[in-house]
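Labels below follow one simple rule: chain letters A, B, ... track the order of the sequence lines, proteins then strands, and each chain is numbered from 1. All of these numbers come straight from a predicted model, not from anything done at the bench.
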Amino acid sequence: MNRQYDPQQIESRWQSFWEDGRYFCVDTATAAKPYYCLTMFPYPSGTMHVGHGRNYIIGDVVVRYKTMQGFDVLSPMGWDAFGLPAENAAKQLGIHPKESTTRNITHMKRQLRSWGVGYDWEREIATCHPDYYRWTQWIFLKLYERGLAYQKAAPVNWCELCTTLANEEVLADGTCERCGRPVIKKNLKQWFFKITEYAQPLLDDLAELEGWPEKVRNMQANWIGRSEGARIDFTVAETGAPVPIFTTRPDTIHGVTFMAIAPEHPLVSELVSGTAREEEVMAFVQRQLMTAAAERADAATAKEGVFTGFHVRNPYNGESSPLWVTNYVVTDYGTGIVMAVPAHDQRDFEFSRQYDIPIKVVIQNEAGSLDPASMAEAFVDDGIIVNSGAFDGMTNRDAIAAMTQHAKEQGFGDFTVNFRIRDWLISRQRYWGAPIPIIHCPDCGAIPIPESELPVRLPDDVDFAADHGNPLARHDGFVATTCPSCGKPASRETDTLAQWLCSCWYYMRYVNPRLETAAYNKADVDKWLPVDQYIGGIEHAVLHLLYSRFILKVLHDADTCSFREPFGALFTQGMICKRSDKDGQLYKMSKSKGNVVSPDELIEQYGADTLRLYTLFIGPPEKDAEWNDQGIEGASRFLRRLWRRVHDHRELLLSAGAEVTELSALTEAERDLYRKLHETIQHVSHDMEGGFHFNSAIAQIMELSNALDACQVDASSSASMKTVFRVTIETMMRLLAPFAPHIAEEIWRELGHEHSILRAGWPGLDHEALKRDSVELALQVNGKVRGRLTAAVDMPRDELEREALASESIQKYLEGKTVRKVIIVPNRLVNIAVS
RNA sequence: GCCGGGGUGGCGAAAUGGCAGACGCACUGGACUCAAAAUCCAGCGGUGGCAACACCGUGAGGGUUCGACUCCCUCCCCCGGCACCA
């Protein structure tokens with residue numbers, strides 16, 4: 001053992017030790033205490049920064065902690081290997097995606113190893129391997145079989161670079177989640193999954209996910225967007241065409257003075273075709289289609305519209321109102337047609353004022369003062385129903401149910417629930433993805449490829465040269481095939497599956513990564529799943545996590561597994577940010593901002609344990625944190641000091657007793673240190689279980705370390721002091737092992753242990769050791785600390801009160817005052833209330 | 001607008017009804033050194049004071065309580081999700 005702490009010398013050795021000894025490999029079949037800890041697998045982008053590292057380090061702490069507790073921990077890692085950057089690199093640099101992906105995986109795997117994170121690499125998977133995507137295609141077929149995969153022509157989100165996008169991939173500002181380009185609507189025939197059919201169970205089961213952050217459950221609930229209301233069937237007065245609408249305010253239905261329809265709605269062109277207004281209306285529609293999604297979605301955009309020339313009949317009172325095409329009704333929500341009630345909806349109010357449409361009050365306020373002529377804004381509060389025939393006089397709250405009930409009885413409406421979530425668009429016009437296993441036959445239509453013929457392999461020899469279009473569609477050898485049904489010439493589907501589908505089920509494949517006959521074995525996944533602890537970034541709160549839950553529910557309903565949620569507990573770590581050198585602003589670490597910190601150099605300079613310790617110490621792991629280049633020095637100093645202490649006392653430690661057997665034989669100083677050790681065990685164990693407070697767990701270990709420094713142990717110390725010293729250092733190594741595993745193993749070995757510290761068990765708590773003979777209490781007068789009192793533990797209240805009142809330090813605060821009450825918090829404080 | 005999370009020293013933070021600022025960074029002074037680095041020791045919320053000490057202090061204001069960073073009410077600010085959503 002050198003006096004100088006040299007992580008370079010020890011770290012790679014321990015990394016090989018763990019790997020050669022298969023310390024993180026588990027036999028899924030025989031494991032008695034299964035625990036599945038999963039860290040979200042990365043896209044192999046090439047290189048990772050310290051922000052990525054935080055994710056894997058947190059996961060590794062859990063893996064090591066659970067391993068020390070004796071669990072059979074499943075800790076796999078793999079690659080979300082299909083995706084856009086590899087294909088773009090192919091276009092720009094002429095490197096085949098397969099090649100760049102393989103190279104990136106090699107480099108990133110080296111990085112993961114250098115952090116000392118423990119994975120079962122024997123289970124490594126990559127979603128771009130035919131052995132894997134064969135089963136992704138199988139999942140597509142399962143959905144197809146169950147009527148949950150379908151093709152439709154619809155206006156879809158289109159990004160020039162990323163091609164089609166799911167709704168979830170479009171940000172609130174109308175830009176592409178991936179590349180930031182503006183998203184427009186394009187009419188295309190695409191493949192969708194009917195996630196809407198699972199909207200209710202996806203929402204309901206959120207309640208069961210108690211191990212998930214409230215925030216993520218909340219985000220998913222918002223995204224699903226359940227809204228209770230009524231369906232009311234209006235009709236076009238001139239043609240009798242049905243016009244069903246969704247409303248949450250049926251109580252205002254007698255106040256309808258016009259109807260508003262979305263520009264994209266097919267009924268618009270259907271109605272106006274061949275009429276005098278056709279030109280004007282369609283010009284308006286065209287103009288809206290050309291407007292960017294972001295602008296249309298902006299509530300600040302001025303409301304506009306055009307009259308269609310048609311009217312819509314209100315089934316409640318038979319009145320007809322004009323039908324307007326407007327820019328503020330969205331196609332995607334409800335039926336794309338809205339009953340407009342200017343008196344009681346601010347948007348309708350603004351529109352009606354602009355186009356001189358009448359306003360009719362049907363809910364009167366308490367003062368009875370609402371008058372259409374004088375209203376400055378819509379009245380949206382509760383009130384009493386007026387101008388509504390038989391419903392007059394009801395509160396509007398009561399009228400909501402009563403009016404819907406009336407519609408139900410009359411057969412022109414019903415209670416209904418509307419969801420915001422849309423079906424999931426899963427096709428992409430790209431090469432580097434799993435081909436959709438469908439053949440288009442001129443006679444038979446779209447025919448699924450039989451399961452036995454999977455995988456549909458991606459051809460290697462494709463032409464990436466062209467700027468636009470899907471290289472797969474240009475590959476004649478891939479496209480030309482025969483119909484599985486009739487045998488005639490047919491063509492393959494050339495769209496590939498969205499990357500999200502590949503990453504939807506990888507956590508199951510890890511259980512049976514090399515199984516050739518199925519995606520997974522039911523008994524095995526039932527044993528290991530749901531994942532006990534899932535760890536990843538908050539950016540996947542809706543996309544990956546919602547899609548995974550949906551796909552699992554389908555696989556459950558197809559009777560391929562018995563559980564209904566994939567991830568029992570979820571931990572979302574915060575991002576690492578850093579100030580930009582250019583503008584001094586704080587940004588998430590990214591290449592484009594030029595604020596990335598490379599872990600490779602830090603590991604070279606300080607070692608992986610120091611990097612790990614600082615990453616964990618930087619702040620609470622669920623919160624964003626600012627990387628401070630100087631902060632790592634603190635972690636480095638701590639480990640160097642620890643190393644030196646062990647080095648300097650090595651002989652003493654090796655000769656000292658290994659166990660504290662008789663507490664009563666210890667001196668006060670020895671008891672104090674031993675108590676501090678057990679207080680640390682208590683705190684650290686609590687932080688490991690309750691919310692992953694690794695930052696404070698490390699702080700506790702540092703405190704213990706400081707306490708060790710304070711007791712000057714040397715050759716002349718008593719045998720019992722040496723024993724306590726040794727036990728404290730050894731136990732401290734076990735507490736430190738999940739955070740800084742290399743140095744913990746090395747010191748553990750130096751102190752004479754043959755086996756890995758991973759097998760040493762998590763330290764148990766000795767409640768006897770925590771006990772004290774005397775405690776120092778705070779003496780308060782009216783809640784302010786005015787003195788201290790050392791007293792025996794559990795001193796009787798009356799005795800304590802007597803001593804407190806007699807205490808010299810507080811006499812001056814009691815002079816001339818009357819003691820009204822004395823509050824005693826056992827072993828903590830005495831508070832004297834005076835007046 | 002609706003929903004959720006925050007606001008504590010120069011900085012990262014700790015304390016979930018009981019002694020605010022543990023632990024660390026930075027900084028200041030000292031020791032060691034020819035010198036520097038490393039290391040070690042001490043100090044480090046604000047104001048006043050030579051000092052003992054006093055007063056103030058957890059976004060603002062109010063409340064509950066013997067006692068509030070912590071619970072309740074009102075408000076301000078920051079971050080995230082949803083949103084012309086009918």
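- Put simply, A:Thr248 has no side-chain N or O that comes within less than 4.0 Å of OP1 or OP2 on B:C85.
- Picking from B:C19, B:A83, B:G81 the nucleotide with the shortest atom distance to the side chain of A:Asn222 gives B:G81.
- Between A:Asn695 and B:A14 there is a side-chain N or O to OP1 or OP2 distance below 4.0 Å.
- Among the nucleotides B:C23, B:G81, B:A14, the one closest to the side chain of A:Phe617 is B:C23.
- Applying the 4.0 Å criterion to OP1 and OP2 of B:C66, one finds that A:Lys821 has a side-chain N or O inside that range.
- Considering only side-chain N and O atoms, A:Asn827 lies nowhere under 4.0 angstrom from the phosphate OP1 or OP2 of B:G18.
- Side-chain N/O atoms of A:Asn831 and base N/O atoms of B:C66 include a donor-acceptor pair closer than 3.5 Å.
- Within 4.0 Å (heavy atoms only), A:Phe258 reaches no atom of the nucleic acid at all.
- In this model, the phosphate group of B:C23 is not approached by any side-chain N or O of A:Tyr614 to a distance below 4.0 Å at OP1 or OP2.
- Among the heavy atoms of the strands, none lies under 4.0 Å from A:Glu350.
- In this model, the phosphate group of B:G24 is not approached by any side-chain N or O of A:Arg637 to a distance below 4.0 Å at OP1 or OP2.
- Contact annotation: side chain of A:Arg820 to base of B:C66, donor-acceptor pair absent below 3.5 Å.
- Phosphate proximity of B:G17 to A:Arg828: absent, as no side-chain N or O sits under 4.0 Å from OP1 or OP2.
- In terms of polar N and O atoms assigned as donor or acceptor, the side chain of A:Asn218 never comes within less than 3.5 Å of the base of B:G4 in a complementary pairing.
- The nucleotide whose nearest atom lies closest to any side-chain atom of A:Lys623 is, among B:A13, B:C84, B:G24, B:A13.
- OP1 or OP2 of B:C85 has at least one side-chain nitrogen or oxygen of A:Arg347 nearer than 4.0 Å.
- Distances shown here put a side-chain N or O of A:Lys784 below 4.0 Å from the OP1 or OP2 atom of B:C56.
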